[in-house]
Amino acid sequence: MSIPTHKPIVDYFQSLNELNVNFPEKSFSRMDLNEIMGQFRTGVNFPHLAVESHDGNLDESSHSNNVNGRTFAFTVYQNPKAGNFAQQNEMLDQCERLGLQIIARMRHDANDPDHILYRRFETNSVNYIKVGPVFNEELYGYRFTGVIKGTESLKPNAADWSDLDTICP
């Protein structure tokens, strides 16, 4: 089973976007920090799934066991007309429902022994908040965060180090 590092995580969320029948084509991106300060990407469709690069921590590790926790974040955005509060409410509801569909699929995948999330995703780690209006386009949506956590080896590989002859304990 592979380790859920940056690319596999981003690829996974992109596959969820492609497999979910409620997202149109060209509705996935990985957010870059400079986008937060101005205009959202051009040429994309809504609803839109935007994934952020994860954060990580090793705070549950010990001398005998290494636990790597990766905090993921994604936002489902919609583009309502400015000042149309009824449309904003409808689209916020859609964003929340789509985000929960993604979480439900993650929960499902975490029970598949052949999946990268197997026994690594816990639904009780998920939080979500309403966002918007954001960007120049005044997008609205819901941002979801959660943890993908699992035991991973942190033993150095001698092939990666010029001064190591063998694998360290």
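The structure displayed is predicted, hence computed values, not measured ones. Both backbone and side-chain heavy atoms feed into the values below; hydrogens, waters and symmetry mates do not.
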- Message: Return the CG to OG1 distance between Leu98 and Thr75, rounded to the nearest 0.5 Å.
- Response: 12.5 Å
- Item | Side-chain heavy-atom pair Thr71, Ile148 within 4.5 angstrom cut-off | no
- Using atom types as modelled and distance alone, determine if a side-chain donor or acceptor of Ser61 lies under 3.5 Å from a backbone N or O of Val67. yes
- Residues two or more places apart in sequence or in another chain: which of them pass side-chain contact (heavy atoms from CB on, under 4.5 Å) with Lys130? Leu92, Tyr140, Tyr142
- First locate atom CG of Leu117, then atom CD1 of Ile9, and finally report the distance between them rounded to the nearest 0.5 Å. 8.0 Å
- Qualifying residues under side-chain contact (heavy atoms from CB on, under 4.5 Å), relative to Val10, sequence neighbours excluded: His6, Phe28, Arg30
- Item | Side chain proximity check, Tyr77 to Leu49, heavy atoms < 4.5 angstrom | no
- Message: Taking the side chain as everything from C-beta on, heavy atoms only, tell me whether Phe13 gets closer than 4.5 Å to Asn17.
- Response: no
- Message: Over 60° means perpendicular and under 30° means parallel, so tell me whether Phe72 and Phe74 are parallel, tilted or perpendicular.
- Response: parallel
- With the side chain counted from C-beta on, respond yes when Pro47 and Pro24 share a heavy-atom pair under 4.5 Å apart, and no when they do not. yes
- Message: Holding to side chain to side chain donor-acceptor pair (under 3.5 Å), I want the full list of residues that pass it with Arg97, two or more places apart in sequence or in another chain.
- Response: Asp93
- Rounded to the nearest 0.5 Å, how far apart are NZ of Lys155 and CG of Asn66? 9.5 Å
- Query: When clusters are formed from ILVMFWY side-chain contacts under 4.5 Å, directly or step by step, what else is grouped with Leu154?
  - Reply: Leu58
- Who pairs with Glu137 by side chain to side chain donor-acceptor pair (under 3.5 Å), at least two apart in sequence or on another chain? none
- Message: Contact between Asn65 and Thr151 at the side-chain level, heavy atoms closer than 4.5 Å - yes or no?
- Response: yes
- May I ask you to say whether Glu152 pairs ionically with Arg120, meaning some side-chain N is under 4.0 Å from a carboxylate O? no
- Going by heavy atoms in the side chains, are Asn45 and Phe23 under 4.5 Å from each other? no
- Is a side-chain donor or acceptor of Asn111 paired with a backbone partner of Arg107 at a separation under 3.5 angstrom? yes
- Message: Restricting to side chain to side chain donor-acceptor pair (under 3.5 Å), what partner residues turn up for Glu60, sequence neighbours left out?
- Response: Lys149
- Do Gln87 and Met91 come within less than 4.5 Å of each other through their side chains, counting heavy atoms only? yes
- Task: May I ask you to decide if Val147's main-chain N or O and Ser125's side chain share a donor-acceptor pair within less than 3.5 Å?
- Result: yes
- Message: Can you tell me how far apart CZ (Phe144) and CD1 (Ile103) are? Round to the nearest 0.5 Å.
- Response: 6.0 Å
- Query: Would you call Val51 and Ser29 a side-chain contact if the rule is heavy atoms closer than 4.5 Å?
  - Reply: no
